[in-house]
Student: 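After the structure tokens below, expect a handful of questions from me.
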Amino acid sequence: MQFKDQNVIVTGGTRGIGKGIAENFLKQGANVLVTYSGNKAAADEFLTTNEEYKDNIFTDCFNVADASACEEFFERLPFEKVHVLVNNAGIRKDNIVAMMPKDDWQQVLDINLTGTFNMCKAAVMKMSRQRYGRIVNITSPCSHFGFAGQANYAASKAGQIGLTRSLSKEVAKRKITVNCISPGFIGTDLIADLPEKLVDEYKQQIPMKRFGTVDEVANGVSFLASEQASYITGTVLEVSGGL
Ligand code: NAP
């Protein structure tokens, strides 16, 4: 129960990796505010699945790419302090650069990178006043491998790491840490469209020869978000089976 009485925000927390992260915090006693961008069915299912924690769960729906929406979200929080922010919301829109519509480039950058910036900006104002905070940004191994067909995604994920390193230095004195988790392949909706042949190829390239689970990612997040991780900031923790 190491997060008892702590307030945690997980963006994109109603399904996929974010859901696993949010549920792990709930099990450890936190109040958890999960956000999503429009899939109400998934949000309702999250609430039903986690009925036993209903007094500790809050939901909110907005677009992290919208700076004003993020500011307004922080003005209507159901709790005063924010101990942990996990920037997990993200999308992919794959295409080779030569064929990539500018809108697809922009949308992925807007949600994955600018969304992380918007949420960090609002959170550090609060965390600075508290003199405590943990921010964990969910990046990807694509940030350094740069898989073909994912220039927008790779740029957004590499950008999150740069943002994390700079911000960590700005807020270190106030006992706020800012780190990244870099999950390898995790079987969620985000990669459900990958052809089976490609999935088998990717698994062969992973030293552990399998995709990871949301729980394995959630355990890494939970560590970086804990009070025990007090001297770790500006880092990237790979949870990728050795990729
Ligand atoms: P997912 O299953 O597709 O879930 C994405 C979540 O993000 C959903 O809750 C979605 O809300 C929310 N979201 C999307 N756009 C949003 C926006 N504009 N504003 C607010 N919320 C938004 O994805 P996932 O696989 O769990 O991925 C989560 C994170 O892990 C992403 O940052 C992704 O890049 C990263 N990651 C994933 C993998 C992987 O293999 N799956 C590997 C490395 C990194 P709705 O439900 O309303 O759509």
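Order of listing sets the numbers, starting from 1, for every ligand and every atom in it.
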Student: Atom CZ in Phe25, atom OG in Ser222: separation rounded to 0.5 Å?
Tutor: 5.5 Å
Student: Using side chain to side chain contact (heavy atoms under 4.5 Å, CB included) as the criterion, point out the one residue from Val136, Thr164, Leu224 that pairs with Cys180.
Tutor: Thr164
Student: Looking at Phe211, is Lys203 sitting on its ring face, NZ or CZ under 6.0 Å from the six-membered ring centre and within 45 degrees of the normal?
Tutor: yes
Student: Test of understanding: clusters of I, L, V, M, F, W, Y form through side-chain heavy atoms closer than 4.5 Å, transitively. Do Met127 and Ile9 belong to the same one?
Tutor: yes
Student: Give, for atom CD of Glu72 and atom CG of Asp60, the distance between the pair rounded to the nearest 0.5 Å.
Tutor: 10.5 Å
Student: Tabulation required: pairs of a nitrogen or oxygen in ligand 1 and a protein nitrogen or oxygen under 3.5 Å; columns are atom names and distance to 0.1 Å; otherwise 'none'.
Tutor:
residue: ligand 1; atom: 9 (O); partner: Gly12; partner atom: O; Å: 3.4
residue: ligand 1; atom: 11 (O); partner: Ser37; partner atom: N; Å: 3.4
residue: ligand 1; atom: 18 (N); partner: Asn63; partner atom: OD1; Å: 2.8
residue: ligand 1; atom: 19 (N); partner: Val64; partner atom: N; Å: 3.0
residue: ligand 1; atom: 25 (O); partner: Thr188; partner atom: OG1; Å: 2.4
residue: ligand 1; atom: 26 (O); partner: Ile17; partner atom: N; Å: 2.7
residue: ligand 1; atom: 32 (O); partner: Asn88; partner atom: O; Å: 2.8
residue: ligand 1; atom: 32 (O); partner: Lys157; partner atom: NZ; Å: 2.9
residue: ligand 1; atom: 34 (O); partner: Tyr153; partner atom: OH; Å: 2.5
residue: ligand 1; atom: 34 (O); partner: Lys157; partner atom: NZ; Å: 3.0
residue: ligand 1; atom: 40 (O); partner: Ile186; partner atom: N; Å: 2.9
residue: ligand 1; atom: 40 (O); partner: Ile186; partner atom: O; Å: 3.2
residue: ligand 1; atom: 41 (N); partner: Ile186; partner atom: O; Å: 3.1
residue: ligand 1; atom: 41 (N); partner: Thr188; partner atom: OG1; Å: 3.1
residue: ligand 1; atom: 46 (O); partner: Arg15; partner atom: NE; Å: 2.7
residue: ligand 1; atom: 47 (O); partner: Ser37; partner atom: N; Å: 2.8
residue: ligand 1; atom: 47 (O); partner: Ser37; partner atom: OG; Å: 3.3
residue: ligand 1; atom: 47 (O); partner: Gly38; partner atom: N; Å: 2.9
residue: ligand 1; atom: 47 (O); partner: Asn39; partner atom: N; Å: 2.9
residue: ligand 1; atom: 48 (O); partner: Arg15; partner atom: NH2; Å: 2.9

Student: Taking the six-membered ring for Trp, is the centroid-to-centroid distance between Phe58 and Phe79 below 6.0 Å?
Tutor: yes
